[in-house]
Asker: 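Take a look at the following structure, please.
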Number of protein chains: 2
Amino acid sequence: MNTKDLAYFSDLTQTKNFSKVAQDFGVTQPTITMAIKRLEAEFQTKLVLRDRTRNDLVVTASGEQLAVHARAILAELDLTHQEITHLTQDQTVLGLPPIIENHYFPRVAAHLQAQGMLANLQTLEGGSVWLRQALRDGQADLALLGSTAPLSYKSLVAEAFDRQPFRIFVAATHPLAKRQRIYFSELKHEKFVLFNSSFVHNSAFNQFTRRNHFRPEVVFRANDTHVIMNLVAQNVGVTFLTAIGAQHRDDVVQLELLDDAQPEFIASIVYRDSHVLTPAQQQVLAVLRTTLGE
Amino acid sequence: MNTKDLAYFSDLTQTKNFSKVAQDFGVTQPTITMAIKRLEAEFQTKLVLRDRTRNDLVVTASGEQLAVHARAILAELDLTHQEITHLTQDQTVLGLPPIIENHYFPRVAAHLQAQGMLANLQTLEGGSVWLRQALRDGQADLALLGSTAPLSYKSLVAEAFDRQPFRIFVAATHPLAKRQRIYFSELKHEKFVLFNSSFVHNSAFNQFTRRNHFRPEVVFRANDTHVIMNLVAQNVGVTFLTAIGAQHRDDVVQLELLDDAQPEFIASIVYRDSHVLTPAQQQVLAVLRTTLGE
DNA sequence: GCCTATTATAAATTATTTTTATATCAACTG
DNA sequence: CAGTTGATATAAAAATAATTTATAATAGGC
């Protein structure tokens, strides 16, 4: 069976239009007709019904089933291409969320450079949630990810190497700045400046708000710690970060949270379980483990 | 890309012999040569090295990587075929471990019959561990499985519907028969008759033995409760089952376990997450839920 | 009733895969 | 060391399969 047919079919279930699919793939319309016929013969079932009355195309139950698997197969093929490309180029793509990149990566980079392995390393930046997907679909080979619960994902292997508590940061001029420790509930009427939602900070933050039964006012979301800290310094709002996420600055004060059973920021090394790591990638992994492992 | 090539290649990585692969698929040898060439062109890499010196074939790193994905893709295709066949025949295959079949299934069957849905139901028997795999690779559509921890499997969805404590069963003539409750540690010197290892009872039993630091003497393993109970009645050994797993008989006595934090037998309805259930299968699922749900 | 949008069909063309026949290559054999 | 053997490669021919071209069919809209 040709995977092209699966691609045609997958597209068809979405566009519901043979001619459109043909256009999408740069082939003529009968090609699609034939492809669907081949699949219907292969699986001995009708996949789509042409409802000419309402000018609509209905995907049968079998069709839906095939579409689910067709997409899985095409994704797997894509992943295979990406992985083999990295393999042959001996390139390792390491996914790094900015906080981890700032705090943990310098140490790792020093070791890698000492072993002359930094040249074949490419970094890919993004929030932990986004990187998890990038790892799944082959854009990255390894990643250092943050999470609030020990990671255990379908098709990914995770090794936790550090845990950090979350903290509150307020401007030095803020009324709470004199306090060293507070309860999250005391922040009910504060304005917040936060990371955008592809960061794990969000899920931890949401756990706090859910437990304390209030909807905080979020005045701004950013992708960058510096931006956030500048806004905090200017009293635009307070923020919620790990201790390691923030540089030391005079105009911002760090407060410990006193709540029970707080979510923690767990840092893990993550990679796909189906991925055969190259010697170079294994070396990078070994450096990550020894450098971060303690 | 043709999936046939992936099948040829997957076989080649195992047999490491082009001619043998050709034989396996009933084609001529150059067909395999060409197929591998096509894949090497598609992925722009060498997949195998012909080491003529030691008359051996070496699979490259890229080749290993491709093999992993090739097998995943072929398995997915197989699954697709099986699922669509069940779909079109409106057949539902329900996996049932014997204990669950005896205890919970009669109730379910009555309801299904009342709705005229028993005819399209086929059952597949086996231990929970084996059935889990059968469910994954499409031999079954739904299953009622036993487990000792709430089920959460890659690619499967599980809904727990009952919990049962494990019990010890001894012959009425056994010295412990007068007791109603015992600690597992008191069984240190007993002989055991148990289910074979594809049943969850084993993992629960192992938890007990690990916690109590002794290796029990297992004198016999069987697949059938009746066989086990007959042996227990004749004092060949004692056994470890759920209360629901055993019929009432005069010659065997049930003992409660007093240990803290015991593993429980958790019964769950399980199905694949990628599986689009047919109306008939959804009906079966609905009956399972309502019948077992309380 | 004619026009339009959409899918189907059939024959011709093109592309791809497989076979047939033969070559190459290295190890083994007497 | 020539000849044999087991394994894979190559090239041309044959067989299959996919795609295009051209056209038909169908149903709804105007």
Asker: For atom CD of A/Glu125, is the number of surrounding heavy atoms from other residues, nucleotides or ligands below 6.0 Å larger than 12?
Answerer: yes

Asker: Compare the minimum distances between each of C/dT17, C/dT7, C/dA10 and the side chain of B/Lys4, then state the nucleotide with the smallest one.
Answerer: C/dT17

Asker: Is A/Thr28 near enough to D/dT20 that one of its side-chain N or O atoms lies under 4.0 angstrom from OP1 or OP2?
Answerer: yes

Asker: Please tell me which of the listed nucleotides, D/dT20, C/dT20, D/dT8, lies nearest to the side chain of B/Leu57?
Answerer: D/dT8

Asker: Rounded to the nearest Å, what distance is computed from the CD1 atom of residue A/Ile32 to the P atom of nucleotide C/dT9?
Answerer: 16 Å

Asker: Should the ring pair A/Phe25 and A/Tyr8 be called parallel, tilted or perpendicular, given that the plane angle runs from 0 to 90° and is split at 30 and 60?
Answerer: perpendicular

Asker: Any side-chain N or O of B/Arg50 less than 4.0 Å from the OP1 or OP2 oxygen of D/dA7?
Answerer: no

Asker: Report yes or no: does B/Thr60 contribute a side-chain atom to a donor-acceptor pair with the main-chain N or O of B/Val48 at less than 3.5 Å?
Answerer: no

Asker: Are A/His86 and A/Val93 close enough that some pair of their side-chain heavy atoms sits under 4.5 Å apart?
Answerer: yes

Asker: Under 4.5 Å between any side-chain heavy atoms of A/Phe161 and A/Arg289, yes or no?
Answerer: no

Asker: Just by distance, with hydrogens left out, do B/His69 and B/Gln65 show a side-chain donor and acceptor under 3.5 Å apart?
Answerer: yes

Asker: What nucleic acid atoms does A/Asn2 come within less than 4.0 Å of, heavy atoms only: base, sugar-phosphate, or nothing?
Answerer: nothing

Asker: At what angle, to 10 degrees, do the two end axes of the helix from C/dG1-D/dC30 to C/dG30-D/dC1 meet, given five pairs define each axis?
Answerer: 10°

Asker: Taking OP1 and OP2 of C/dA5, is either one under 4.0 Å from a side-chain nitrogen or oxygen of A/Ser19?
Answerer: no

Asker: Starting at atom CE of A/Met1, determine the distance to atom P of D/dA17, rounded to an integer number of angstrom.
Answerer: 15 Å

Asker: Taking C-beta and beyond as the side chain, do A/Leu145 and A/Leu131 meet within less than 4.5 Å on heavy atoms?
Answerer: yes

Asker: Between atom CZ in A/Phe18 and atom P in D/dT19, what is the gap in whole Å?
Answerer: 14 Å

Asker: Taking 4.0 Å as the cut-off, does a side-chain nitrogen or oxygen of A/Tyr8 come that near to OP1 or OP2 on D/dT19?
Answerer: yes

Asker: Within the pair A/Asn17 and C/dA5, is there a side-chain N or O less than 4.0 Å away from OP1 or OP2?
Answerer: no

Asker: Separation of A/Arg38 atom CZ from D/dA17 atom C1', in whole Å?
Answerer: 8 Å

Asker: Quick one: is D/dA18 close enough that its OP1 or OP2 comes under 4.0 Å of any side-chain N or O from A/Lys37?
Answerer: no

Asker: Can you confirm whether more than 12 heavy atoms, excluding those of A/Gln113, are under 6.0 Å from its CD atom?
Answerer: no

Asker: Measure the distance from CG on A/Leu12 to C1' on C/dA8 and round it to the nearest whole Å.
Answerer: 14 Å

Asker: Ignoring backbone atoms, establish whether B/Lys20 has a side-chain N or O less than 4.0 Å from OP1 or OP2 of D/dA7.
Answerer: no

Asker: When the distance from CD of B/Gln29 to P of C/dA23 is rounded to whole Å, what number comes out?
Answerer: 15 Å

Asker: Under 4.0 Å: is that the gap between some side-chain N or O of B/Thr33 and OP1 or OP2 of D/dA9?
Answerer: yes

Asker: Output the rounded distance in Å from CE (B/Met34) to P (D/dT10).
Answerer: 8 Å

Asker: How many whole angstroms separate atom CG of B/Leu47 from atom P of D/dT8?
Answerer: 15 Å

